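Notes follow once the structure below has been shown.
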Amino acid sequence: MQIKELLLQSPSQQTVTVKGWVRTKRVSSSVAFIAMNDGSTIHNIQAVVSDGAVSEETLKLVTTGSCIAVTGILIPSQGQGQSVEVQVSAIQVYGTADPEKYPLQPKKHSLEFLREIAHLRPRTNTFSAILRIRHALAFAIHQYFNDHGFFYLHTPIITGSDAEGAGEMFRVTTLPAINPPLTEDGKVDYKEDFFGKETNLTVSGQLEGELGAMALSKIYTFGPTFRAENSNTTRHLAEFWMVEPEMAFFELTDNMNLAEDFTKSLISYALENCADDIAFLEKRLLEEEKMKKKEEQSEMTLSEKLRFVSENTFERLTYTEAIDILLQSKPHKQGKFNYPVAWGIDLQSEHERYLVEKHFKKPVILTHYPKDIKAFYMKLEDDGKTVRAMDVLFPGIGEIIGGSQREDNYEKLLQRTKEVGIEEDSIWWYLQTRQFGSAPHAGFGLGFERLVLFVTGMSNIRDVIPFPRTPKSAEF
RNA sequence: UCCUUCUUAGCUCAGUCGGUUAGAGCACAUGACUGUUAAUCAUGGGGUCCCUGGUUCGAGCCCAGGAGAGGGAGCCA
């Protein structure tokens with residue numbers, strides 16, 4: 001029986017067997033206490049070994065990190081801190097853990113150190129809590145879409161197009177790294193490669209997602225995506241998971257409504273279903289906050305922040321309105337921004353942070369960006385200057401969602417591909433959807449790790465994915 | 001990629017003006033203790049001071065180069 005279930009049982013004379021990893025062992029002359037955890041819950045179960053119940057040799061093997069099965073009777077606990085505990089009659093040691101060598105000690109470890117032992121960090125309270133929340137959010141995503149008539153579309157991970165323009169790509173090839181076949185003009189001959197052309201790992205499933213939406217009406221993708229950008233920040237990974245719904249007959253406002261309802265319901269799901277884990281992470285954050293200066297401490301606890309976001313309306317405004325607010329802002333007038341503010345600029349982090357964290361103090365949806373700073377597939381407004389784009393900005397995270405209504409007019413789309421220098425041949429199939437039964441449609445991409453970051457209150461994206469891939473780092 | 005900070009025991013860190021034998025807390029080991037909650041108390045072991053080179057009578061400390069990590073920025077989700 002899992003420890004999560006066991007802790008909910010009322011004590012009985014029935015014999016139970018619990019399997020898990022030892023967190024701590026406390027020994028006194030006549031009794032030993034073993035705290036065990038199997039990852040099913042943040043809570044440990046206490047196994048009590050009375051004098052003589054288990055041989056001394058066996059008990060000696062029970063150390064922090066070892067894996068054991070204990071058999072005994074579930075009894076009411078005499079001590080504080082738990083209602084039931086196991087009165088042990090037998091212990092089976094599955095795997096020992098030399099206490100001199102086992103890196104996880106019954107004490108606080110820095111997140112930096114735990115990153116170096118990512119193979120063991122899921123055994124800590126913090127990471128098991130994060131991983132359970134990550135799972136719950138993934139489940140909630142599928143449930144939400146299923147309940148709302150979306151179909152899960154599996155878009156390819158290896159792509160032959162590099163038209164998304166979302167960033168540098170990882171090349172996929174089976175050609176030898178040394179002396180690859182060359183063309184007559186000395187370049188690598190990809191006709192000889194596995195697919196007979198240049199291929200890469202996907203940076204987004206959107207273009208294929210649109211093909212699905214043009215048949216199934218409402219689809220979503222949820223899979224890994226890859227960016228070979230040399231980004232070294234707390235918000236970027238080279239391999240991350242993205243959720244990309246795409247809906248026929250949706251215009252920009254429908255898209256915004258969906259994005260807002262979707263993220264709110266995911267957060268509510270976590271609040272309802274991961275209460276223990278969120279409470280643990282909240283306590284952890286509070287301790288961390290105490291170390292900070294007064295002015296840097298956040299005004300809300302983690303659960304307050306999550307509830308605030310899930311219960312309040314996101315602020316919606318256009319890029320042009322946002323620029324006006326920034327031009328009127330104190331930091332702009334006092335010259336505090338490092339980057340100048342003017343219509344046409346790409347908003348910098350400091351600008352987004354001001355809008356979200358200082359001015360509105362809630363999530364913000366920015367729309368109608370200038371076309372020149374956005375992707376080619378976004379629908380051009382009638383003003384000819386802006387596109388029907390939307391970015392959802394979250395406090396502390398920045399851009400968590402980027403999306404748009406797509407250009408559904410063939411001529412206009414073709415025009416834009418030419419302007420940004422995309423070869424027609426490379427995305428003929430994408431362009432054809434605008435020739436055969438085109439329809440207004442829209443969609444967005446949600447960075448899954450950024451959502452997990454927000455819900456767990458963690459500050460580094462490397463700590464919300466089991467095995468992070470970042471520049472110069474692909475261990476484990 | 002740029003800016004910036006850091007690298008000393010298993011972990012988190014201190015280390016004075018460059019000075020002879022490098023410290024603390026936790027962890028670990030041993031012992032004590034009749035119910036603990038990251039138990040407590042006592043004792044003990046544990047060091048390539050990130051690497052390479054230089055300055056100096058003498059370098060953990062100063063200089064140069066390199067590696068790794070953190071934070072910020074850019075790119076974005």
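Sequence lines set the chain letters: A, B, ... in the order given, protein chains first and strands last, and positions in each chain run from 1. All values reported here derive from a predicted model rather than from experimental measurement.
- Atom pair A:Arg123:CZ and B:rC11:C1' shows a separation of 18 Å (rounding to whole Å applied).
- Using a 4.0 Å heavy-atom distance criterion, A:Ile397 is classed as making no nucleic acid contact.
- Distance A:Asp51 CG to B:rG35 C1': 13 Å, rounded to the nearest Å.
- Nucleic acid contact class of A:Arg115 (heavy atoms, under 4.0 Å, all strands): sugar-phosphate only.
- Taking atom CZ of residue A:Arg227 and atom C1' of nucleotide B:rU1, one finds them 18 Å apart after rounding to whole Å.
- A search for side chain to side chain contact (heavy atoms under 4.5 Å, CB included) contacts involving A:Pro466 returns A:Leu131, A:Arg134, not counting sequence neighbours.
- Here the P atom of nucleotide B:rC76 and the CD1 atom of A:Ile400 are 18 Å apart, to the nearest Å.
- Across the P atoms, B:rC41 and B:rC50 are found 32 Å apart, a figure rounded to whole Å.
- Nucleic acid contact class of A:Arg462 (heavy atoms, under 4.0 Å, all strands): sugar-phosphate only.
- Counting only Watson-Crick and G-U wobble pairs whose two key distances fall under 3.5 Å, RNA chain B forms stems of three or more stacked pairs at B:1-7 with B:67-73, B:10-13 with B:23-26, B:28-32 with B:40-44, B:50-54 with B:62-66.
- Here the P atom of nucleotide B:rC3 and the CG atom of A:Asn230 are 14 Å apart, to the nearest Å.
- Heavy-atom distances to RNA chain B give each of A:Asn460 and A:Ala238 a nearest nucleotide, and the one nearer the 5′ end belongs to A:Asn460.
- Regarding A:Gln105, its CD atom lies at a distance of 14 Å from the P atom of B:rC13, rounded to whole Å.
- When distances are taken from the side chain of A:Gln82 to each of B:rU37, B:rG10, B:rA38, the shortest belongs to B:rU37.
- At a threshold of 4.0 angstrom between heavy atoms, the contacts of A:Glu85 include nucleobase atoms, whether or not backbone atoms are also involved.
- For the P atoms, the distance linking B:rU55 with B:rA64 amounts to 15 Å, nearest Å.
- Within 4.0 Å (heavy atoms only), A:Gln78 reaches at least one base atom of the nucleic acid.
- For the C1' atom pair drawn from B:rG71 and B:rG25, the interatomic distance equals 26 Å after rounding to whole Å.
- Listed by residue number, the members of residues 27-46 of chain A with any heavy atom below 4.0 angstrom from RNA chain B are A:Val27, A:Ser28, A:Ser29, A:Ser30, A:Phe33, A:Gln46.
- If you measure from atom NE2 of A:His236 to atom C1' of B:rU1, you get 13 Å, rounded to the nearest angstrom.
- Using a 4.0 Å heavy-atom distance criterion, A:Pro103 is classed as making no nucleic acid contact.
- Not one N or O on the side chain of A:His142 forms a donor-acceptor pair closer than 3.5 Å with the backbone of A:Phe139.
- Residue contacts shown for A:Tyr339 are limited to sugar-phosphate atoms, with no base heavy atom under 4.0 Å away.
- Nucleic acid contact class of A:Gly445 (heavy atoms, under 4.0 Å, all strands): sugar-phosphate only.
- Using modelled atom types, one side-chain atom of A:Arg450 and one backbone atom of A:Glu399 make a donor-acceptor pair closer than 3.5 Å.
- Here A:Phe113 lies in heavy-atom contact (under 4.0 Å) with sugar-phosphate atoms only.
- Remark: the separation of the C1' atoms in B:rA14 and B:rG23 is 7 Å, to the nearest Å.
- Counting non-hydrogen atoms under 4.0 angstrom, A:Lys101 reaches nothing in the nucleic acid.
- Going from atom CG of A:Leu104 over to atom P of B:rU12 covers 12 Å, rounded to whole Å.
- As judged by a 4.0 angstrom heavy-atom cut-off over every strand, A:Asp346 is placed among residues touching the sugar-phosphate backbone only.
- The separation of B:rG65 from B:rU20, taken at their P atoms, amounts to 29 Å, rounded to a whole angstrom.
- When heavy atoms are screened at a 4.0 angstrom cut-off, A:Ser349 is found touching the sugar-phosphate backbone but no base atom.
- Contacts of A:Glu449 with the nucleic acid, taken as non-hydrogen atoms under 4.0 Å apart, are absent.
- A:Lys374 comes within 4.0 angstrom of no nucleic acid atom, judged by non-hydrogen atoms across all strands.
- Considering only the side chain of A:Ser231, B:rG74 comes nearest among B:rA77, B:rG74, B:rC28.
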